[in-house]
Each structure stands twice: as C-alpha cells, then as structure tokens.
Amino acid sequence: MLSNNLLLVDCKDNSIIKEIKVKHYPTKAIFIDEGENVLVCESYMGADRPGIIKKININTGTVLQELSTGNYPADIVWDVYEGEAYVANFNDGSISIIDVSSMEEKERIFIKGTPMTILKNNKELYIGDSHSNSLLIYNLYNKKTKIIPLGKEPNGMMIN
C-alpha cells in the first residue's frame with residue numbers, strides 16, 4: 001500500500017518479474033482477461049477524494065481505462081461470466097458495480113457500514129463489514145440484505 005506499486009512475482013524462484021507504478025494507496029489488484037490485464041483499487045486513503053479503479057495491461061504497464069468510484073475502494077472481485085467487477089467502497093458504505101469492458105459504473109448500492117471485503121457467488125455478494133462486525137449477504141435479484149454477526153473486524157473470506 002505505501003509503496004504505490006504492483007509487483008509481479010515468480011513464486012517458484014521468489015523473483016520480481018515486473019514492477020508497475022500506480023497512484024495513492026493501492027489496496028487490491030486482480031487479474032482479468034486471462035491474465036493479460038489487471039484491475040487495481042487505488043484507494044486514495046486519507047485524501048479527500050474518491051478512489052479510482054484502473055485497468056492496466058500487465059505486459060506494458062499501460063493504463064487502459066480508469067473509473068472514479070466511492071471513497072476508499074478496499075476490495076474488488078470480478079465475475080468473468082457477467083463481465084462485471086464489484087468494488088467494496090470502505091469509507092462511504094457502498095458497493096460499485098462496474099462493467100469491465102467499458103469501465104463504467106452500472107450501479108452503486110448503498111449498504112451502510114464500512115465494507116472491507118467482498119466476494120460474489122451466483123447472485124449474492126458477501127461483504128465483510130468492519131463497522132458492524134458482520135457479514136452482509138446482498139442478493140442482487142431482490143436487493144435484500146441478510147446480516148450475520150461475526151467477531152471484530154472481519155477481513156478475509158473464501159467460498160468453498
């Protein structure tokens with residue numbers, strides 16, 4: 001986060017393959033487009049401005065597209081079948097739904113709280129809310145939220 005760069009690492013020999021400079025406080029990066037590109041959350045944490053999601057070509061380091069989102073985008077998940085990315089905007093209690101091909105925000109869902117982590121399974125978003133110490137399950141069909149209380153500041157999830 002503090003170095004403002006992405007490192008592509010070869011885990012077999014623990015060597016750095018490539019370093020890509022990004023902007024203020026990158027919190028998450030995910031591969032898309034069969035590993036050709038990466039989506040990066042630039043949170044701008046501590047600054048009085050919205051965060052940015054950038055699509056960067058991994059081979060050239062070129063920024064292909066960018067989009068302003070909510071405050072402090074902390075996490076992102078990509079649904080390859082829907083062509084959408086879902087971004088947890090930590091500081092404004094929202095989730096941005098982004099069309100990855102056009103890099104346009106299709107919708108912003110205000111769930112309140114402080115969404116720190118996000119996963120998607122079928123038509124449900126699983127959102128770790130640090131403020132309420134809960135797991136929020138948001139149904140994209142009926143727009144309803146189920147709340148499951150957890151311990152303090154949930155910050156990691158996986159779907160099995």
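Keep in mind it's a predicted model, so treat the numbers as computed, not measured. All values below were derived from every heavy atom in this structure, side-chain atoms included, with hydrogens, water molecules and symmetry-related copies excluded.
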Next item on the list: Salt-bridge test for K143 and E107: reply yes if a basic N is under 4.0 Å from a carboxylate O, no otherwise.
Entry: yes
Notebook entry, point to check: Is it true that a side-chain atom of Y72 and a backbone atom of A88 form a donor plus acceptor pair closer than 3.5 Å?
Noted result: no
Check: Rounded to the nearest 0.5 Å, how far apart are NZ of K55 and CG of L39?
Finding: 7.0 Å
Next item on the list: Hey, could you give me the CE/CG distance between M103 and L67, rounded to the nearest 0.5 Å?
Entry: 5.5 Å
Notebook entry, point to check: Which of these passes side-chain contact (heavy atoms from CB on, under 4.5 Å) with L64: N37, V38, I56?
Noted result: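 The side-chain contact (heavy atoms from CB on, under 4.5 Å) with L64 is passed solely by N37 among N37, V38, I56.
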Notebook entry, point to check: When hydrophobic residues are tied together by side-chain contacts of less than 4.5 Å, even through go-betweens, does L140 share a cluster with F110?
Noted result: no
Item checked: Distance, nearest 0.5 Å, that separates CZ of R108 from CD1 of I97 ->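 Reported to 0.5 Å precision, the distance equals 11.0 Å.
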Checklist line | T117 (side chain) donor-acceptor with D75 (main chain) under 3.5 angstrom | finding: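 Side chain of T117 to backbone of D75, a donor-acceptor pair under 3.5 Å: no, none is there.
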Next item on the list: Kindly say whether G51 contributes a backbone atom to a donor-acceptor pair with the side chain of N71 at under 3.5 angstrom?
Entry: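 No.
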Next item on the list: May I have the step-by-step check of side chain to side chain contact (heavy atoms under 4.5 Å, CB included) for I118 and I127, ending in yes or no?
Entry: CA-CA 5 Å; I118 190 166; I127 304 154; 4.2 Å; yes
Check: What do the steps show when you test K123 against E82 for salt bridge (Lys or Arg N to Asp or Glu O under 4.0 Å), and what is the final call?
Finding: CA-CA 10 Å; K123 286 295 178 180; E82 297 287 336; 3.4 Å; yes
Next item on the list: Starting from the C-alpha separation in whole Å, work towards a yes-or-no answer on salt bridge (Lys or Arg N to Asp or Glu O under 4.0 Å) for E104 and K106.
Entry: CA-CA 6 Å; E104 292 181 3; K106 293 172 58 173; over 6 Å; no
Notebook entry, point to check: Under the side chain to side chain contact (heavy atoms under 4.5 Å, CB included) criterion, do T69 and I98 qualify, and how do the steps go?
Noted result: CA-CA 9 Å; T69 64; I98 298 169; 4.2 Å; yes
Next item on the list: Treating Ile, Leu, Val, Met, Phe, Trp and Tyr as nodes and any side-chain heavy-atom pair under 4.5 angstrom as an edge, say whether L119 and F31 lie in one connected cluster.
Entry: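 No; F31 is not reachable from L119 via cluster members.
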Note to self: Within a 6.0 Å radius of atom CD1 on I17, are there more than 12 heavy atoms belonging to other residues, nucleotides or ligands?
What the structure shows: yes
Next item on the list: Take V77 and I30 through the side chain to side chain contact (heavy atoms under 4.5 Å, CB included) test and state the conclusion after the steps.
Entry: CA-CA 8 Å; V77 64; I30 58 172; 5.7 Å; no
Check: What distance do I52 atom CD1 and C41 atom SG have between them, rounded to the nearest 0.5 Å?
Finding: 11.5 Å
Next item on the list: Indicate, with yes or no, if V87 and L136 share a hydrophobic cluster defined by side-chain heavy-atom contacts under 4.5 Å among Ile, Leu, Val, Met, Phe, Trp and Tyr.
Entry: no
Notebook entry, point to check: Is it the case that more than 12 heavy atoms not belonging to K146 sit under 6.0 Å from its NZ atom?
Noted result: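 No - once you tally the heavy atoms of other residues, nucleotides and ligands closer than 6.0 Å, there are 12 at most.
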Notebook entry, point to check: Does any N or O in the side chain of N89 come within less than 3.5 Å of the main-chain N or O of D92, such that one atom is a donor and the other an acceptor?
Noted result: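 Flag not set: sc N89 to bb D92 has no pair under 3.5 Å.
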Notebook entry, point to check: Can you tell if the side chain of V100 reaches within under 4.5 Å of the side chain of W78, non-hydrogen atoms only?
Noted result: yes
Notebook entry, point to check: Taking the six-membered ring for Trp, are H24 and Y44 parallel (under 30°), tilted (30 to 60°) or perpendicular (over 60°)?
Noted result: tilted
Note to self: So which atom in P115 and which in A74 form the shortest heavy-atom distance, rounded to 0.1 Å?
What the structure shows: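 Reported closest heavy-atom pair: O-CB, 4.3 Å.
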Margin query: Could you see if M116 belongs to whatever hydrophobic cluster contains M45? Use Ile, Leu, Val, Met, Phe, Trp, Tyr and a side-chain cutoff under 4.5 Å.
Written below: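 In one cluster: yes.
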Notebook entry, point to check: Where the side chain of D129 meets the backbone of T114, is there a donor-acceptor pair that is under 3.5 Å apart?
Noted result: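 Judged by distance alone, yes, a pair lies under 3.5 Å.
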Next item on the list: With rounding to the nearest 0.5 Å, note down the distance linking CD in Q65 to CG in N57.
Entry: 12.0 Å
Checklist line | Side-chain donor/acceptor of N122 to backbone N/O of E124, under 3.5 Å | finding: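 Looks like no, no N/O pair under 3.5 Å.
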Notebook entry, point to check: Atom CD1 in I147, atom CD1 in I137: separation rounded to 0.5 Å?
Noted result: 10.5 Å
Next item on the list: Report whether Y81 and I76 are members of the same hydrophobic cluster (ILVMFWY, side-chain heavy atoms less than 4.5 Å apart, transitive linking).
Entry: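 Shared cluster, yes.
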Margin query: Between K54 and E42 (side chain of the first, backbone of the second, donor and acceptor by atom type, cut-off under 3.5 Å), is there such a pair?
Written below: no
Check: Does S43 reach the main-chain N or O of Y25 with its side chain, forming a donor-acceptor pair under 3.5 Å?
Finding: yes
Note to self: Run I20 and I58 through side chain to side chain contact (heavy atoms under 4.5 Å, CB included) and show every step you take.
What the structure shows: CA-CA 8 Å; I20 299 173; I58 200 73; 3.8 Å; yes
Item checked: K144 to N142 - nearest heavy-atom pair and separation ->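 Taking every non-hydrogen atom into account, N-OD1, 2.9 Å.
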Checklist line | Distance-minimising heavy-atom pair for S134 and P149 | finding: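 Residues S134 and P149, closest heavy atoms: OG-CA, 3.9 Å.
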